[in-house]
Amino acid sequence: MTTSMADERRDQLEQYLQNVTVDPNMLRSDVFVDFLKLVQLDTFSITTKKVSLDIFLPDGRSIKVEALTSDTAERVLEVVSHKVGLCRELLGFFGLFLIQFCKEGKLSVMKKLVDFELPYVSLRSSEVENCGIGLRKWYLDPSLDSRLMDCRVAVDLIYMQAIQDIEKEWAKPTEEQKQKLEALRKEDNQTKFLELSQEVRHYGYVQLDPCTCDYPEPGCGAVISVGNNEISCCVTLPDNQTQDVIFQMNRVKCWQVTFLGSLLDMDGPQQTLNQNLELRFQYGEDSHWQWFVIYTQQAFLLSSCLKKMISDKMVKLAAENPEMQIEVPEQGKSRKYHVQQSQQKACSSFLPRKSKIKIVEVDCGFGTIKEDL
């Protein structure tokens with residue numbers, strides 16, 4: 001077999017794996033999940049053994065859980081929930097995330113760990129310094145807080161995260177709201193605190209690290225916050241003025257994550273790859289469709305958030321229309337309700353290896369997908 005034939009065969013295998021990981025039926029297959037676990041372990045030469053994992057809670061404290069290096073994020077989340085006393089039926093409202101702890105108490109949510117991802121491997125293989133695995137709520141519709149209010153542990157967790165998000169300035173209360181929230185915090189009135197938080201701007205959103213975008217012109221700096229069925233962008237213009245731009249999710253037709261790879265060292269024994277990511281989405285306004293591009297290393301997280309907003313909306317729709325049927329896709333699981341969801345398409349495309357590589361996100365560390373809504 002020639003080198004070109006081997007490269008072509010490798011590309012076709014990669015494309016096949018990208019496509020099958022989009023299929024929820026495949027991700028419900030124990031055989032396929034076992035294969036994905038083996039790939040992760042073999043890729044980084046990690047053997048199966050017992051380990052202790054530090055899982056960080058939203059208030060900065062950590063708990064230790066015993067696990068195997070081959071345990072999936074789904075399994076580790078079950079262990080964590082049992083240890084903290086979280087009601088099992090509320091597991092779907094929480095997730096494990098790869099988090100970077102930065103200077104001056106700041107943190108960055110790097111990505112959401114998907115169900116078949118191995119937290120130990122993701123942590124060991126991360127090229128980002130000062131990373132840990134964190135437990136955070138995983139829904140982007142703030143009104144879904146109401147579903148958790150009967151579980152004391154769940155309330156404790158979302159209360160901790162609300163405080164953290166306000167301290168990190170991800171949620172942006174007015175001065176009057178700050179004073180009221182501080183008074184409720186001193187009283188330890190968690191329920192009232194969370195009720196008032198619903199009125200706070202960007203409460204329950206995920207904020208990305210500062211990045212760049214192509215709107216209103218290429219190269220503009222931006223701070224992106226995602227939640228409550230919108231993409232909120234605080235854009236810094238060339239004259240250093242700021243402009244708030246909001247994109248409504250019901251006007252987003254599709255999006256894709258693109259991996260831009262360029263080889264930095266062509267001659268060495270190990271070829272060095274310069275990695276850059278972008279997420280572009282097609283947005284409709286006044287019967288006109290336009291592509292917008294966001295350049296960020298958190299493109300996979302952003303894509304996960306966009307999909308999550310869709311599934312949150314479907315969950316609410318199902319609750320409001322119990323007599324109709326709906327299927328909510330959620331990272332390898334399909335929960336059936338009553339209402340038919342609009343069809344989603346998934347496809348992947350690749351360019352030759354030693355050039356710009358275009359891939360569509362599969363919502364995991366392995367690849368990419370294109371989401372058509």
Side-chain angles (χ1 to χ4, degrees), residues 54-64 77 80-87 89-110 112 130 132-210 223-230 232 234 244 301 305 308-309 312 316:
D54 288 318
I55 307 296
F56 290 88
L57 303 179
D59 64 354
R61 293 180 297 131
S62 66
I63 59 173
K64 281 191 179 295
L77 181 60
V80 172
S81 67
H82 178 74
K83 185 153 189 174
V84 300
L86 178 65
C87 300
E89 58 269 21
L90 298 180
L91 265 181
F93 291 95
F94 293 87
L96 296 179
F97 295 79
L98 187 64
I99 297 175
Q100 181 185 24
F101 300 97
C102 309
K103 296 179 180 179
E104 300 175 355
K106 296 182 179 180
L107 60 82
S108 173
V109 178
M110 302 305 298
K112 163 75 169 59
N130 301 320
I133 305 296
L135 175 68
R136 296 176 63 84
K137 70 180 185 182
W138 183 226
Y139 53 91
L140 294 166
D141 182 344
S143 69
L144 292 178
D145 279 0
S146 61
R147 306 283 185 92
L148 283 64
M149 301 311 290
D150 291 334
C151 176
R152 181 188 58 78
V153 174
V155 171
D156 285 344
L157 290 171
I158 62 176
Y159 175 67
M160 292 178 203
Q161 187 168 327
I163 292 174
Q164 183 191 68
D165 287 354
I166 292 172
E167 290 177 344
K168 308 299 183 190
E169 298 182 348
W170 291 8
K172 302 169 178 64
T174 63
E175 283 302 319
E176 182 181 357
Q177 289 172 334
K178 275 184 182 179
Q179 293 175 11
K180 291 180 179 179
L181 288 168
E182 187 58 34
L184 292 171
R185 184 178 176 183
K186 288 179 179 178
E187 297 172 6
D188 198 27
N189 192 331
Q190 297 182 347
T191 302
K192 291 293 184 182
F193 185 98
L194 291 170
E195 287 177 359
L196 179 57
S197 295
Q198 297 280 331
E199 303 173 12
V200 173
R201 181 171 179 253
H202 289 175
Y203 168 71
Y205 286 46
V206 172
Q207 181 171 303
L208 306 187
D209 296 340
V223 175
I224 311 294
S225 298
V226 190
N228 205 17
N229 290 312
E230 68 179 28
S232 177
C234 181
D244 289 325
L301 173 64
C305 290
K308 189 60 181 173
M309 285 193 287
D312 285 350
K316 285 189 68 175

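When a residue number appears, it is its place in the shown sequence, counting from 1.
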Using a 3.5 Å distance criterion without hydrogens, assess whether the side chain of Gln207 forms a donor-acceptor pair with backbone atoms of Val223. no
Once ring pair (Phe, Tyr, Trp, His ring centres under 6.0 Å) is applied, do any residues pair with Phe193, and if so which ones, sequence neighbours excluded? Tyr159
State, yes or no, whether a side-chain contact exists between Asp244 and Ser232 at a heavy-atom distance under 4.5 Å. no
Gln161 side-chain N/O to Pro58 backbone N/O, donor-acceptor pair under 3.5 Å: no
Taking all non-hydrogen atoms of both residues into account, name the closest pair between Ser225 and His202 and its distance. OG-ND1, 3.7 Å
Taking every heavy atom of Lys112 against every heavy atom of Gly95, the minimum-distance pair comes out as CE-CA, 4.0 Å
Minimum side-chain heavy-atom gap Cys87-Val153 below 4.5 Å: no
Over 12 foreign heavy atoms within 6.0 Å of CD, Glu89: yes
More than 12 heavy atoms of other groups within 6.0 Å of Lys106 NZ: no
Less than 4.5 Å apart, any side-chain heavy atom of Met149 and any of Val155? yes
Closest approach of Lys308 to Trp138 (non-hydrogen atoms, all atoms of both residues): CE-O, 2.8 Å
Evaluate the side-chain contact (heavy atoms from CB on, under 4.5 Å) criterion for residues Glu187 and Lys192: first the C-alpha distance (whole Å), next the side-chain angles of each, then the deciding distance (0.1 Å), finally the verdict. CA-CA 10 Å; Glu187 297 172 6; Lys192 291 293 184 182; over 6 Å; no
Mind checking whether Val206 and Arg136 have side chains closer than 4.5 Å, heavy atoms only? no
Measure the CD1-CG distance between Ile166 and Leu181 for me, rounded to the nearest 0.5 Å. 5.0 Å
One pair to check against side-chain contact (heavy atoms from CB on, under 4.5 Å): Ile133 and Ile99. What are the steps and the verdict? CA-CA 6 Å; Ile133 305 296; Ile99 297 175; over 6 Å; no
Heavy-atom count around Glu169 CD within 6.0 Å, excluding the residue itself: above 12? no
side-chain contact (heavy atoms from CB on, under 4.5 Å) evaluation trace for Gln164 with Leu107: CA-CA 10 Å; Gln164 183 191 68; Leu107 60 82; 3.3 Å; yes
So Leu77 and Leu135, do their side chains get closer than 4.5 Å, heavy atoms only? yes
Going by the rule ring pair (Phe, Tyr, Trp, His ring centres under 6.0 Å), which residues pair with Phe94 if we only count those two or more places apart in sequence or in a different chain? none
Asp312 (side chain) donor-acceptor with Leu140 (main chain) under 3.5 angstrom: yes
From Leu148 atom CG to Leu86 atom CG, the distance as rounded to the nearest 0.5 Å: 7.5 Å
Heavy-atom closest pair (Gln198 atom, Pro142 atom, distance to 0.1 Å) is NE2-O, 2.7 Å
Give the C-alpha distance, both sets of side-chain angles, the deciding distance and a yes or no for side-chain contact (heavy atoms from CB on, under 4.5 Å) between Asp165 and Tyr203. CA-CA 8 Å; Asp165 287 354; Tyr203 168 71; 5.7 Å; no
Nearest-0.5 Å distance that lies between atom NZ in Lys178 and atom CG in Leu196: 13.5 Å
Would you say the side-chain atoms of Lys83 pair up with the backbone N or O of Lys64, donor to acceptor, closer than 3.5 Å? yes
Side-chain contact, heavy-atom cut-off 4.5 Å: Gln190 with Asp156? yes
Within a 6.0 Å radius of atom NZ on Lys180, are there more than 12 heavy atoms belonging to other residues, nucleotides or ligands? no
Output for pair (Leu57 CG, Ser62 OG), nearest 0.5 Å, gives 7.5 Å
Working to the nearest 0.5 Å, report the span between CZ of Arg147 and CG of Leu90. 10.5 Å
d(Lys168 NZ, Cys102 SG) to nearest 0.5 Å is 9.5 Å
Asp145 and Tyr139: side-chain donor and acceptor closer than 3.5 Å? yes
